[in-house]
Amino acid sequence: KLADRRGMKRGRLKLAAITTAQYVAPSILGEFARRYPAIDLSLELSNFDNVLGRLASSEDDLYIIGHVPDRLDDVAIYPFAPNPLVVMAPRNHPLVGKRHISINRLAKEYFLMREPGSGTREATLRVFATHQLRPRIRMELGSNEAIKQAVISGLGIAVMSLHSLSAEGTQGPIALLDVVDFPISRQWHIVHPKRKVLSLIAQTFLDFAIQDEARVRAHVDEMLATFERGLAGD
Ligand code: PGA
């Protein structure tokens, strides 16, 4: 609508997101920016704890988080695309191609783990804890990309968002392991404090992102299907 477009001429959209949104948010923002070229965009990427901190002090227009904690009051929540956590190993790892690997077996391997405050780390520890196990952490790293490089270098294996393989896919130097209890199925959520009245720009972006969800979902489904076809030996 013309009136909407007029209100959308200039301004700023400030997003804060968990780190794995780095693999998806730019493609949504790219299309958004083509439609509304004069809007300044910023995307602050940090771990789950830090994004929750920014949400509490309402520093940004919208937030993308990896899961919704039990006690999160007065927040408007829009479920967004799936964000499965998978087990990654270097392509030449002996467990690659094995079926139904147990957590007990996995617990014998060295792990590369994100820093405290990371939602990925929390979810990983929780799965191990349900089996009264703890992963053997060889190294802590503050970035998903650094973990991928460390996996490729043979420093260990890691649990990470499938989205972190969106550029190279599941058939590149990093392989997925078929582990019981994995993928951990999670979903992103776009949230904002309820009391915050969204700017026209923020509301337009939110609608836009929700419309774009099917595309993101299709990409994740395709990656999982490729992995499963690989396991079946097709
Ligand atoms: P993290 O969150 O950056 O805090 O690990 C990522 C995710 O939950 O997908």
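Values below: all heavy atoms of this structure, side chains included; hydrogens, waters and symmetry mates excluded. Ligands are counted one by one from 1 in listed order, and the atoms in each one are counted from 1 as well. Source: prediction; values computed, not measured.
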- Note on the structure: Output for pair (E168 CD, K148 NZ), nearest 0.5 Å, gives 3.5 Å

- Message: I'd like the contact residues of ligand 1, where contact means a heavy atom below 4.0 Å.
- Response: I18, T19, T20, N47, F48, G66, N83, R114, S118, G119, T120, R186

- Ring geometry between F205 and F32 (parallel below 30°, tilted from 30 to 60°, perpendicular above 60°): perpendicular

Compute whether any side-chain donor of one residue and acceptor of the other, for [X] and [Y], lie under 3.5 angstrom apart.
X	Y	answer
E59	S57	yes
R114	T19	yes
E122	H67	no

- When you measure from the side chain of D61 to the backbone N and O of L15, does any donor-acceptor pair fall under 3.5 Å? no

